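Being a predicted model, the structure only gives us computed values, none of them experimental. Start at 1 and go down the list; that is how both ligands and their atoms are numbered.
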Amino acid sequence: MTYHFKCTLCGAEYASNAVRYVCPQHGDEGILDTILDYQTIAATTSPQKISDSRDFSIWRYAPLLPISDAHKFAPPLAVGWTPLYRSTTLGANLGLSNLFFKDDGRNPTASFKDRASTFVVAKARELGVQIITTASTGNAGAALAGAAAAAKMPAVIFVPETAPQAKIAQLLIFGSRVILVKGNYDQAVALCLAASKEFGWYCRNTAYNPYTVEGKKTASFEIVEQLGWQAPDSIFVSVGDGNIISGLWKGLRDLRTLGWIAKMPKLFGIQAEGSAACYNAWQAGTEKIEMVNAVTVADSISADIPLDGVRAVRAVRETGGAYLTVSDAEILAAIPELARGEAIFAEPAASTAYAGLKKAVAQGLVKSDERVVVMLTGNGLKDIASAMKVAGAGTVIEPTLEAVRALKF
Ligand SMILES: *Cc1c(COP(=O)(O)O)cnc(C)c1O
């Protein structure tokens, strides 16, 4: 499948084999969009053909992905095609009659990041590279470690030393080389980039590698296909680096360009109050992202300078959505609500999207009959320390029936 790159800052276009990561005119910040050959796609495939596929993974969308031979290069790991549940409880509580939750915690390493990491590993195989590396708050690294294990490719992962233990366990268990950086995510990103340049490793860093967004866009394809090839009215998603929301937007733009959806959903980006760089830029009506000093319980969306900030602000502005912020208390409170209402256990960075929906409803930003999708991006088992703050406590008793009888039910 032929494709080329276009710089998101200056619009310069490049052949796909002319640059590897970013537009050479802007240092490391010229994030590249991938422009597909839409005419060929329209001529060779269709929503019906895709729906007939027996491949229940992101690779059912191979004709819409920038890779030559997905079958040959895809790591043998079932990523994507996660369930889209119609709300059973929380929608009614909020007065929404068409609310859906997409549970991306169902991916092999339990987060949305599997979509990007598995696609980038496929590209790494296509390019014939030897070693792959990434910086991560934990999930992107866990996803890369898993995909690299599936592909038998050595991986070097840079994470903040403070990443949740479960995420570090994932990195270690898949056999990656794990570098625990005494610093924050932004410092891990800078270090990974410098090391990849020095040692010639293939760098998966979010947004810097143009294929992360191409893997992530498959979530939009799934949402639309799961709704019978119809776009929802709005999608709520948490935002840290802004690469997921950019990926969702890219997938929707691909479908819009192909004429497979009639309209663009509004994208709502939800940030933690303590890590709100995209929200701030959106509020200020600018694309200039100012650095913040990120502090939030939702470690996966803690970013001083979002790596995909410009596109993330555009995604919301151009679709007529909004940015909202939620407090750490609201993020934590949303975890048991989702678990008890919809039986989905979300990590803090995922429950953030639902906390944001509640705020949007309270502000009158969502109509009662709108079709709304909340993207739940990571599984709650990744951060049990946070979950235990809001889970309540079990009842400790002597091992006797009397002790059970003495309890109130
Ligand atoms: C990475 C991540 C996000 C945010 O994605 P960005 O591309 O950084 O905006 C949200 N939730 C979870 C669980 C994540 O791992």
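Looking at V159 and I179, their side chains never come closer than 4.5 Å, going by heavy atoms from C-beta outward.
K216 approaches A116 most closely through the heavy-atom pair CE-CB, 3.6 Å.
Annotation for I384: atom CD1 does not count as buried by contact number, only 12 or fewer foreign heavy atoms lying within 6.0 Å. With a 6.0 Å radius and a threshold of 12 heavy atoms from other residues, nucleotides or ligands, K367 has its NZ atom at or below the threshold.
Ligand 1 is surrounded by K113, N139, K216, S238, V239, G240, D241, G242, N243, I244, S300, I301, E347, A349, T377, G378, each with at least one heavy atom closer than 4.0 Å.
Between N107 and D114, the side chains place no donor N or O within less than 3.5 Å of an acceptor N or O (distance only, hydrogens not considered). Residues D241 and Y185 bring a donor and an acceptor atom of their side chains to less than 3.5 Å of each other.
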